[in-house]
Every structure is written in C-alpha cells, then in structure tokens.
Student: 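A single structure is presented below for examination.
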Amino acid sequence: MKELSKIREEIDAADRQIVALYEARMKLAGEVAEYKLSVGKPVLDKTREKEKLAKVRGLVQEKENSYGVGELFEQIMALSRKRQYQMLIQHGQGQDHGFTQVGQLPFSSHKIVYQGAEGAYSQLAMKAYFGEGTQGYHVKTWRDAMEAIKNGEADYAVLPIENSSAGIVGENFDLLVEYGNFIVAEQIIKVEHALLGLPGSSLSGITHVYSHPQALMQSVDFLEAHKGWKQVAEENTAVAARKILEDGQKNQAAIASPVTAQIYGLEILKGNINYSEENSTRFIIVSGQKICLEGAGKISICFEVSHESGSLYHMLSHLIFNNLNMVKIESRPIKDKSFEYRFFVDLEGNLQDGAVQNALKGLEEGALYFKVLGNY
C-alpha cells in the first residue's frame, strides 16, 4: 500500500494536468466564440452537447465513473458557454432588452391607479412614492389596474407584491407575465393595522370583523383572543372600512390602517393589532412603458425551464459565474401545466452592466420562456 503522502503527490500532479487541460480547453472555447461571432451562430447547441456527453461517458474505463465524467463535462461545457457569452458582450453583441433610461418618471397626478378604495395601503404607497398631493384613482381588482395601463387610462399602477410576514401576492406575479407591463419602481410601506368600528361601538359588542385575507392573517394573534368573532374576507382593507360605515352596524369592525379611520370617520377600537411590529409590504410601480430610471440597481426577471433534473441549477449558475447577487427567488405554477413552475428572480444590477448582460444572455438562451420585468 502506498504512503498517504505519496498518493497526495500523485493527486497534485494529476491536478496540475487537469488545470493545464482546462485552460487549453477554454482557449479553444474562445476560438469557437470567434467563429460563432463571424457566422452569427448561437452559443448554445443542445444537440451537440448531448452528443458530446454521450461520447465522453463512453470513454471511461471504469463504468462507475460514467456518471461523474458526465457531470464534470456538463460543468466544463457550461463554463465554456459562459466564456463565449462574455466574448459576445465584449464584441457588442449583448441582448438589447429595449428599455429606455430616463432621469425621472413622467406622470400626471390623476393618471395613477391603485386597487381598493380610498385609504387602502396601495393609496398610501402611491402618495409615499409620488408625493402627498398625488390624487390617482382606484379600481376594484389588480387585473383592472393592469387593464387601465393597457388601455391608456393610467400611466402607472401601484400593486402589492409581497408582505414581510404573509408572503407574496401570487396573482400580481402572474399578471406581470400576462400583461406587457413593467416594474419601474418600488415602495415599502410599514403595515400598522388597527381595529376600526363605528363611533360609539366597543370591543365587547363586536361579532363580525372584515378585512383583506392577508390583513386577517397578519392580525392572527389578536383575533385568536376573540375566537367568537366571524372573520369575513374583503377585497381590500379600505373596502372593509367603507362597508362598516355603509352598513352602520355597531357589531361590525374592520381591520385597516389608522389613516383609513380618519378618512371614513371611524373609531380606532384597538391599535397595533398586527403581530409583528416590523411588518411591511413592498409595492411595485408598474408602467406600460419600457423605461427605467438612470442608476437603477435592481432587476426583476422571470423564466421557465425544461422539466428535468438540474435545469434550474444551470440557469442560476449564470448569476454565480458573473458574480451577481440574487436577492429573491419565487416560483409560481404554470397554468395548464401540471406541477411545472415559472420562476421569478430579483438580482442586483443595471441592464447596462456587462456582467448583467452576460448573465441575461445566457439565461435567455437556456430558458423556454424569458422576460425582463423591470430595472428599477
């Protein structure tokens, strides 16, 4: 039996050969990229890669190494593709995603739409981003807001996309794909839920409480102490407050913001009833124009991949190779495709950055469907 030190020396010698061969292969990959540049051929050739993997697996002398060799060459070919994408970008063949950079968002104060009613958190987000003097108008559903942009009735829509405790608003992720609209900004609003009732009502007389399902969820600790109350879901917290006012029944209460209480002349029966003081909701500002602010630092994308082992890993490796920071990933089921998913990713960067262009080009070529949702 060999001494361990001798085995390690032989491993080091083999590693030096591997490194030298890797560098030689990457040099050849550069030559391949130059050829593809000259003839306009795409970098990714799935048929060629499958043939190559089958061939190298057949070269092994020990059959138990077949799987490992295949995995090794998958990585080598992936790195080769990424190097080729880099060269394409360096030669000015990056993907133009069609976004126009602007110094500030152009808007008319009355052409901003939000879902719900006056006093909704979406309205608070609108005023926080565009200014207190912004008027805007409200519609019944998030889809209605998207339609307003599509039809030219509004310049921007303000939509909730995720809450720090209740999670994502899945429908709005789906609507971003369905409609040709884009994220141009975001606004985070701290959630401060209160229990609102008619003047003269009291906690002891409440039997029904109304609010948006997420607001009910975010107030679960408070509601657990009042198990006898019937919880009723409404489209929006402000819609719930308006219902209390219109019904005029003192046994009804709504969960909404303290600002909503002022708007509808309701009393705050109990303040700060959401279970997390750090609870906040992220809203996105959506436009039908393909624009982005100069200096934007976050990019949202979505893509679909083939339903096979390693497909998501290979997609995300483009971010790793280009040293890009992914700050969020979510998945949503694809309609009419059982147990297949569309992925939504937020990453740091600007569409003008070379590393970003390199990563997005690789992602787009490897995806079944790909869309840049916004740079903001």
Student: Is there a donor-acceptor pair closer than 3.5 Å between any side-chain N or O of N350 and the backbone N or O of Q352?
Tutor: yes
Student: For the pair N358 (side chain) and Q86 (backbone), establish whether a donor and an acceptor sit closer than 3.5 Å, ignoring hydrogens and angles.
Tutor: yes
Student: Might you point out which heavy atoms bring L216 and L223 nearest each other, and give the distance in Å?
Tutor: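 Heavy atoms of L216 and L223 come nearest at O-CD1, 3.6 Å.
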Student: Could you check whether E147 and Y179, counting side-chain N and O atoms only, form a donor-acceptor pair closer than 3.5 Å?
Tutor: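 Yes, E147 and Y179 have a side-chain donor paired with an acceptor closer than 3.5 Å.
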Student: Would you please indicate if the ring centroids of Y156 and F130 are separated by under 6.0 Å?
Tutor: yes
Student: Do S300 and Y376 get their side chains close enough for a donor-acceptor pair, meaning under 3.5 Å?
Tutor: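 The answer is yes; a qualifying pair exists.
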Student: Could you tell me which non-hydrogen atom of V158 sits nearest to which non-hydrogen atom of A125, and how far apart they are?
Tutor: CG1-CB, 3.9 Å
Student: Quick one: do L79 and Y22 satisfy side-chain contact (heavy atoms from CB on, under 4.5 Å)? Show the steps, please.
Tutor: CA-CA 10 Å; L79 290 168; Y22 173 77; 3.7 Å; yes
Student: Within a strict 4.5 Å, meaning less than it, do heavy atoms of the E186 and I161 side chains meet?
Tutor: no
Student: Quick one: closest heavy-atom pair of G366 and K46, and the distance?
Tutor: O-NZ, 4.4 Å
Student: Ignoring hydrogens and angles, tell me if any N or O in the side chain of Q115 forms a donor-acceptor pair with the backbone of K140 under 3.5 Å.
Tutor: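 Present.
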Student: Please determine, by modelled atom types, if Y210 and E234 share a side-chain donor-acceptor pair under 3.5 angstrom.
Tutor: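 No, because no side-chain N or O of Y210 sits under 3.5 Å from a partner of the opposite role on E234.
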Student: So, taking the atom named OG in S211 and the one named CG in L196, what distance separates them when rounded to the nearest 0.5 Å?
Tutor: 9.0 Å
Student: Counting only heavy atoms not in Y137, do more than 12 sit closer than 6.0 Å to its OH atom?
Tutor: yes
Student: So which heavy atom on I244 is nearest to which on L198, and how close?
Tutor: O-CD2, 3.7 Å
Student: Is a donor on one side and an acceptor on the other found under 3.5 Å between the side chain of D346 and the backbone of M326?
Tutor: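 Absent.
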Student: Check this for me: Q104, atom CD, are more than 12 non-hydrogen atoms of other residues, nucleotides or ligands nearer than 6.0 Å?
Tutor: no
Student: Could you tell me whether a side-chain N or O of T260 sits under 3.5 Å from a main-chain N or O of G119, the two making a donor and an acceptor?
Tutor: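 The answer is yes, because a donor-acceptor pair under 3.5 Å joins these two groups.
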Student: Does K328, at its NZ atom, have more than 12 non-hydrogen atoms belonging to other residues, nucleotides or ligands within less than 6.0 Å?
Tutor: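 Counting neighbours around NZ of K328, more than 12 heavy atoms of other residues, nucleotides or ligands fall under 6.0 Å, so yes.
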Student: Around K298, counting heavy atoms of other residues, nucleotides and ligands shown, do more than 12 lie under 6.0 Å from its NZ?
Tutor: yes
Student: Show the numbers, then the answer: is there a side-chain contact (heavy atoms from CB on, under 4.5 Å) between Y129 and T134?
Tutor: CA-CA 9 Å; Y129 185 81; T134 305; over 6 Å; no
Student: Does any non-hydrogen side-chain atom of I273 lie less than 4.5 Å from one of Q218?
Tutor: no
Student: Run the numbers on L124 and Y121 for side-chain contact (heavy atoms from CB on, under 4.5 Å), then give the verdict.
Tutor: CA-CA 5 Å; L124 302 184; Y121 280 102; 3.9 Å; yes
Student: Kindly say whether V191 contributes a backbone atom to a donor-acceptor pair with the side chain of N274 at under 3.5 angstrom?
Tutor: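 Yes, the answer is positive, given that a donor and an acceptor are paired below the 3.5 Å cut-off.
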Student: Any side-chain donor-acceptor pair under 3.5 Å between E31 and Y35?
Tutor: no
Student: Go through the side-chain N and O atoms of Q84 and S80 and say whether any donor and acceptor fall under 3.5 Å apart.
Tutor: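 Note: Q84 and S80 side chains meet the donor-acceptor criterion.
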Student: Distance check, rounded to the nearest 0.5 Å: I189 atom CD1 versus R282 atom CZ?
Tutor: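 Rounded to the nearest 0.5 Å, the CD1-CZ separation comes to 13.0 Å.
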Student: Less than 4.0 Å between a side-chain N and a carboxylate O, is that true for R143 and E178?
Tutor: yes
Student: How about CD on E10, more than 12 heavy atoms from neighbouring residues, nucleotides or ligands closer than 6.0 Å, or not?
Tutor: yes
Student: Taking N172 for its side chain and P160 for its backbone only, find out whether a donor-acceptor pair lies under 3.5 Å.
Tutor: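 Judged by distance alone, yes, a pair lies under 3.5 Å.
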Student: Checking E365 side chain against L363 main chain: does a donor-acceptor pair fall under 3.5 Å?
Tutor: no
Student: Using the six-membered ring wherever Trp is involved, compare the ring planes of H226 and F222 and label them parallel, tilted or perpendicular (cut-offs 30° and 60°).
Tutor: tilted
Student: I want to check something: taking the side chain as every heavy atom from C-beta on, are L351 and L360 in contact at a cut-off of under 4.5 Å?
Tutor: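 Side chain of L351 against side chain of L360, heavy atoms only: contact under 4.5 Å found.
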Student: Are more than 12 heavy atoms from other residues, nucleotides or ligands located less than 6.0 Å from atom CZ of R8?
Tutor: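 No - once you tally the heavy atoms of other residues, nucleotides and ligands closer than 6.0 Å, there are 12 at most.
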Student: Mark yes or no for whether D247, through its side chain, and Q249, through its backbone, hold a donor-acceptor pair below 3.5 Å.
Tutor: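 Such a contact is absent between D247 side chain and Q249 backbone.
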Student: Validate the cation-pi geometry between K361 and Y85: distance from NZ or CZ to the six-membered ring centre under 6.0 Å, angle to the ring axis within 45°.
Tutor: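 No.
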Student: With a 6.0 Å cut-off (strictly less than), is the heavy-atom count around OH of Y313, excluding the residue itself, greater than 12?
Tutor: no
Student: Is the backbone N or O of H212 less than 3.5 Å from a side-chain atom of T237, with the two atoms forming a donor-acceptor pair by type?
Tutor: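 Checked: no pair found.
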Student: Could you tell me whether F182 and F99 have their ring centroids closer than 6.0 angstrom?
Tutor: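 Yes, they do, as the ring centres are separated by less than 6.0 Å.
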